[in-house]
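When a ligand or atom number is given, it counts from 1 through the structure's own listing order.
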Amino acid sequence: MLEQNELIRYNRQLIIPNFGEEGQRKLKDSHIIIVGIGGLGCASATYLTAAGVGHITIVDFDTVELSDLNRQILYWEDEIGDRKVVVAQRKLSKLNPSVEITPIFAKITNENVLGIIDRSQVVVDGLDNSATRLVVNSACIKQNIPYIYGGVSRLRGMITTIIPGQTPCLACLLPESVEGLGGLGVLGVTPALIANLQALEVIKLLIGHSPSLAGKLLIFNGDDIKFRVYEIRRNENCPVCSQALHL
Ligand SMILES: [Zn+2]
């Protein structure tokens with residue numbers, strides 16, 4: 001049951017056809033995890049908290065720097081030097097106190113990743129390097145947890161929804177780790193846009209609707225403001241998801 005204040009808080013989404021109180025209750029009962037709370041993670045965490053996802057775990061090992069403030073909208077100038085997960089938890093909890101926010105101050109590694117993503121229904125990508133993304137991807141395939149990949153560089157971004165056992169995984173697309181693209185620069189609007197598409201895919205998955213980008217790669221180019229969507233195929237020799245299929 002939703003309480004009276006929830007009926008008011010979420011009124012504008014409750015009245016959307018095929019969402020309703022049932023959808024809201026599903027969001028309330030959900031637990032997701034956002035790995036990396038930088039440009040992408042700040043935006044997806046803000047909108048998923050506002051939407052009423054019941055439990056959100058946020059993971060990051062960084063502290064706030066002045067050069068983050070052009071795009072990492074949960075952090076303000078007087079918080080430079082503070083741990084991002086601590087600041088983010090405080091702001092998100094003020095936005096929506098009924099959402100449980102669990103901060104984990106940690107760098108994701110092969111050793112700790114399974115413990116970190118355990119018991120979450122969806123993993124949301126907020127990372128800035130492909131090496132860690134591939135670690136998360138493998139863990140999600142092993143644990144059978146959907147993983148919403150998002151990546152940005154300059155005015156470009158991309159996103160795909162990885163459903164273990166159904167779609168290609170990130171290792172099918174990025175067979176080897178490549179250097180982080182953060183050095184190429186990024187405008188704040190690009191991660192905000194990609195993160196909100198990720199958040200929309202998360203909400204669809206949580207309320208039982210079909211995700212729109214499963215098996216598809218959406219590429220956004222801000223130079224001409226075009227969205228292109230490509231079908232993607234599983235690499236039959238993928239060391240991560242083809243093995244999982246044979247288990
Ligand atoms: Zn694969």
Side-chain angles (χ1 to χ4, degrees), residues 30-36 38-41 44 57 59-60 106-153 156-182 184 190-191 194-195 197-206 208-221 227-247:
S30 297
H31 177 203
I32 65 159
I33 179 162
I34 301 174
V35 289
L40 289 166
S44 60
T57 296
V59 189
D60 205 294
K107 185 174 170 65
I108 291 176
T109 64
N110 272 315
E111 285 68 43
N112 67 13
V113 65
L114 289 173
I116 286 174
I117 68 166
D118 193 33
R119 289 190 295 278
S120 64
Q121 288 162 264
V122 180
V123 174
V124 189
D125 190 350
L127 296 164
D128 64 357
N129 69 88
S130 65
T132 313
R133 285 188 171 107
L134 288 168
V135 169
V136 171
N137 173 70
S138 295
C140 286
I141 297 294
K142 271 190 195 136
Q143 301 282 71
N144 197 26
I145 301 172
Y147 173 38
I148 318 292
Y149 161 74
V152 293
S153 173
R156 299 179 183 195
M158 51 189 175
I159 165 174
T160 186
T161 295
I162 296 162
I163 311 286
Q166 294 180 30
T167 69
C169 80
L170 195 58
C172 295
L173 301 180
L174 292 177
E176 288 173 19
S177 165
V178 290
E179 286 297 307
L181 296 175
L184 297 175
T190 319
I194 295 298
L197 294 174
Q198 290 177 284
L200 179 55
E201 285 287 87
V202 172
I203 289 169
K204 286 183 174 194
L205 277 167
L206 293 178
H209 293 188
S210 296
S212 300
L213 294 172
K216 294 176 182 167
L217 183 69
L218 180 150
I219 296 183
F220 167 73
N221 185 346
F227 293 87
R228 297 176 177 87
V229 179
Y230 301 92
E231 300 277 338
I232 49 177
R233 290 174 188 274
R234 186 195 306 273
N235 171 3
E236 296 301 330
N237 299 315
C238 175
V240 177
C241 70
S242 62
Q243 278 183 353
L245 278 179
H246 297 145
L247 285 178

Which donor-acceptor pairs under 3.5 Å do the side chains of residues 113-123 make with protein atoms, sequence neighbours left out?
| unit_1 | atom_1 | unit_2 | atom_2 | d |
| --- | --- | --- | --- | --- |
| S120 | OG | I117 | O | 2.8 |
| Q121 | OE1 | H31 | N | 2.7 |

| message | Going by side chain to side chain donor-acceptor pair (under 3.5 Å), name the residues that satisfy it together with S210, two or more places apart in sequence or in a different chain. | response | none
| Has the side chain of N112 got a donor or acceptor atom that lies under 3.5 Å from a matching backbone atom of K107? | yes
| request: Grab the two heavy atoms, one from C169 and one from I141, that are nearest each other, plus how far apart they are. | output: CB-CD1, 3.7 Å
| request: Determine the minimum heavy-atom distance between E201 and S212, stating which atoms define it. | output: OE1-N, 2.7 Å
| Non-neighbouring partners of D125 that pass salt bridge (charged side-chain N to carboxylate O under 4.0 Å, His left out), sequence neighbours left out | R133
| Closer than 2.8 Å to the Zn ion (ligand 1) - protein N, O or S atoms, ordered by chain and residue number | C169 SG, C172 SG, C238 SG, C241 SG
